[in-house]
Structures are given as C-alpha cells and as structure tokens.
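Worksheet: the structure to be examined is printed underneath.
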Amino acid sequence: MTATAETNTWTSDRLATSARDHLWMHFTRHGDGANADIPVMVRGEGAYVWDARGNRYLDGLAGLFAVGVGHGREELAEAAAKQTRELAYFPLWGNAHPAAIQLAERLANDAPGDLNRVFFTVSGGESVETAWKLAKAYYKQIGKPTKHKVVSRALAYHGTSAGALSLTGLPGAKQDFEPLVPSALKVPNTNFYRAPVYADDYDAFGRWTADQIAQAIEFEGPDTVAAVFLEPLQNTGGCFPPPPGYFERVREICDQYDVLLVSDEVICAFGRLGHDFGAKRYGYQPDIITTAKGLTSGYAPLGAVLATDRLMEPFTRGTTTFMHGSTYGGHPVACAVALANLDLIEREDIYGNVLRNESAFRSTLDKLTDLPIVGDIRGAGFFYGIELVKDKTTKETFTPEESERVLHKYLSSSLFNNGLYCRADDRGEPVIQLAPPLICDQSHFDEIESILRASLTEAWKLL
C-alpha cells in the first residue's frame, strides 16, 4: 500500500491520536489535556472548512489572515500544478525564472510611489527580518554605519525569527528566547479605547502617539536609528486603526531624521483593508513594504519585500552585494500561485467586495454592543477586533484568572464548537479577532454575529 493510500484510510480518531503523539503544533498548549481531541481540518470551500469528523466551520480568520479568495479555488491549484510540471524549483541566487520576474513587475507596478524593487521571501516574519537587515545594510553602504536601531509599537506582532521577534512588542512572546537582537525600541500604539492621554480627543491622541516616535529617535540619537516598523492597522491587541493625521506625522518624522518608514503589511496587504496595499488606504508613502499571507491567499508560502529604488541603488555598484537570501524565497510554484491569485482578485473585484461590504460587516458586529461583556469594536475592511470587559463604564478588564477561565477555557472552544473559527486572544487586553475571507457577504456576517452572541452571552455568566 502506498503512503497516500494508507493516509486515506486513516480514521478521524487515528489522525487526532497521531497528531497528539507526534505533531508539535505552533503556539499551542500541549499540556493539561489541552489537546485531548485535536481538531483535524481536511477540506475547505469558500468561507468554510470541515474537520475529519464532518463538522463545518465558518473560517472567521481566513486561516491565519491569509485565505482572501476563499478555500477550494481550482484555478490556484491548477496554476501550482502547471508550474510544477514546467519548473518545480530553482533558486533566485544569481538566476531568475519567469514567474518571479512577472510577479516582481506586477507588484512594483501596483505599489505606491517608487517601490520598484522586490525581494522574495517565504513568510511574513522573514519579510520583516529582511527589511531590518536591508535598512542596516543600506545605511552602512551610504556611510552611516551607526544607524541600525529600529522603532516599533507596544503589543505589535512582527514575527518569530530573532530580529522580527525583537521588533515584536509582546513580552510573553519573547521571554523564553531572550536575549534577542538589541536596539529595538518600543513606542505607544494607537489604541484610543485605552488612551493614556487625550482620551477625549482622537486627533490629539494620534498626534501624541506619532510624536512618541520622534521622542524615541531623539532619545536614542537620530544617527543611530534606521527604521520605524508600523502596521497600517495594528493586529495584536485587537485591530488598532491609525487616528487621523497619524501616518502623515510619522512620515514627517521619518523624513526629518532620515529614518526609513517600513509598512508591515503581512496582514493588511492584498485586500484585508479593501486595497492592494494598506498604505494606500491611509494615504502614506512607505520606504519599504513587507508582505506575505494574502499574496497567495495562503495557497503557497510566499512573502515579498518591496523597496524603493533609492534603497537598491547602493547594491548596484561594483561588487557590492546584499548578503541575504533563502532557499525557497521566490519559489517558482509559489510565484505562479501568486500571479493566479492576483488575476482572480482582479477578475472578481475582491477589493471592491470588501469596500462595498465593510460597513455592513461593521454594523452587524455593532449589534453586539448591547451585550455587557462587549467594550469596544474597532477595525476596518474585513479586519475587526472586539475587546471584552467586565464593566463598560469603567472599562475594567479581566484578571489573569478570569482571562484563563473565560477566554481560554470557555470562549475559544465555545466559538469553535458552535461553528466559528476565529481567535480569542489576551496578548494585551482580551479580544475576539475576526478576519474572514474577502469573498464574504451579509449571510456570513449574520452567522458570525449569531455565534458570537450565543457564546459571549454565556461567557458573561462566568465572570
């Protein structure tokens, strides 16, 4: 019997048992019986996925903020198969192949400004790592070798590799791996719901949070800071939008101190906010954009770093080389899938679907504000966070024990068992995060609201 044939005979129980015995899952608790019955996902179609026991779930997180065009797209599978037959693999180390060339040109043409140079990676974290290395290498090449520090925001998640994790503003994600790369500075994020100052003035709060970046640069010394890494809409903590004028002020600060502005769009690019790039939605010009996830709608692992011509220029002189790369960056099959994915997005006007339906999505989620446990709903496009509280008036949050009991031991399983895959997270305040496939419509929004309402109503009784 072949391995494939044997796998097809596995029962759902055998799959779950084998997963528990051999599979080391990512960001997963493996103790205290947490994985007594591991969900095993076997099929996807549209906005839904099915487990090995035949249960259906609305994919309210697009896998992991990735599956923009929905599951089961035959044209993407066909693009992968066609490329595999023609050229399954060849590296971009001093060579090129048509899929990478065509995709690089397409991304450069779509990107804002003169982001005309595309460096392919395998993941979002690798894109962030690459961007930081590029910033440091660039300044060394132009005679400013002391500019190597970077600024990012509290609670922001930028990846798990040593550099990207140093940029990440989540202490709990870093403590087991420290010491990490030094010189990653943290500034306040744009969570207006928890604003420490100007809590009654959104514009002033935005100006204050942007100015904290300038203060950090001044404190460290402008001749030591290379880049500022910001998501268009910050993910971790529950979808923090930028206040009016925020990015305009950040751009001014970066120009004033000769610091690169990196737009980390691993989640926000390719439609999550209704545009190909989140920077376009909020009207700012980055020096670098980092991407992954939606570039292939998750159908193949691929990331990309888009950089301006200015940043590439020092590496076009003589024998100078950007000493960085990876085995699978710009993999032919992944690039072919990305091209087919972008074709599909254009053909079906996926970005338009998000812009036409984002208000309906928001208004449907806003119905949940009648629940005493719902403190704030924030986000944009198809990307929302729902912050949970014990007291709406005081905004009192959960204690660690309550978060463990209500969020981890009840809400996560309740939502899933009721047919909604999303994220109940407390890396920051307790939030429910939602980022469904970009093909969703009112019927999906209603289903999401109904399941959330039932589970959150019961969760309130546990506080």
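Counting from 1, the numbers follow the sequence of the chain as shown.
- Applying the ring-ring contact (aromatic ring centres under 6.0 Å, His included) rule to F119 yields the partners F322, H324; only residues at least two apart in sequence or on another chain are considered.
- Atom CZ of F192 has more than 12 neighbouring heavy atoms from other residues, nucleotides or ligands inside a 6.0 Å radius.
- Partner of R249 under the salt bridge (charged side-chain N to carboxylate O under 4.0 Å, His left out) criterion, chosen from D255, D203, D211: D211.
- Atom CD of E348 has more than 12 heavy atoms from other residues, nucleotides or ligands within 6.0 Å.
- In this structure, K390 is not positioned above the aromatic face of F398 in the sense of NZ or CZ being under 6.0 Å from the six-membered ring centre and within 45° of the axis.
- Ring geometry, H331 versus Y89: the interplanar angle falls from 30° to 60°, so the pair is classed tilted.
- In summary, the aromatic rings of F205 and Y198 are positioned with their centroids too far apart to meet the 6.0 Å limit.
- Between the side chain of S166 and the backbone N or O of V181 there is at least one donor-acceptor pair closer than 3.5 Å.
- Side-chain contact check for Y246 versus I213: some heavy-atom pair is nearer than 4.5 Å.
- The cationic atom of K293 (NZ for Lys, CZ for Arg) does not lie both less than 6.0 Å from the six-membered ring centre of F65 and within 45° of the ring axis.
- F277 and F270 have their aromatic ring centers within a separation under 6.0 angstrom.
- Between Y351 and H275, the ring center distance fails the sub-6.0 Å criterion.
- One side chain, D446 or Q442, offers a donor N or O that lies under 3.5 Å from an acceptor on the other.
- Using cut-offs of 30° and 60° on the angle between ring planes, the pair F445 and F361 is parallel.
- Side-chain atoms of N189 come within 3.5 Å of backbone atoms of A154 as a donor-acceptor pair (strictly under, hydrogens ignored).
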* Intermediate values then yes/no, salt bridge (charged side-chain N to carboxylate O under 4.0 Å, His left out), R362 and E358 -> CA-CA 6 Å; R362 174 60 188 260; E358 65 174 340; over 6 Å; no
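- Relative to the six-membered ring of F240, R378 misses at least one condition, a distance below 6.0 Å or an angle of at most 45° to the axis.
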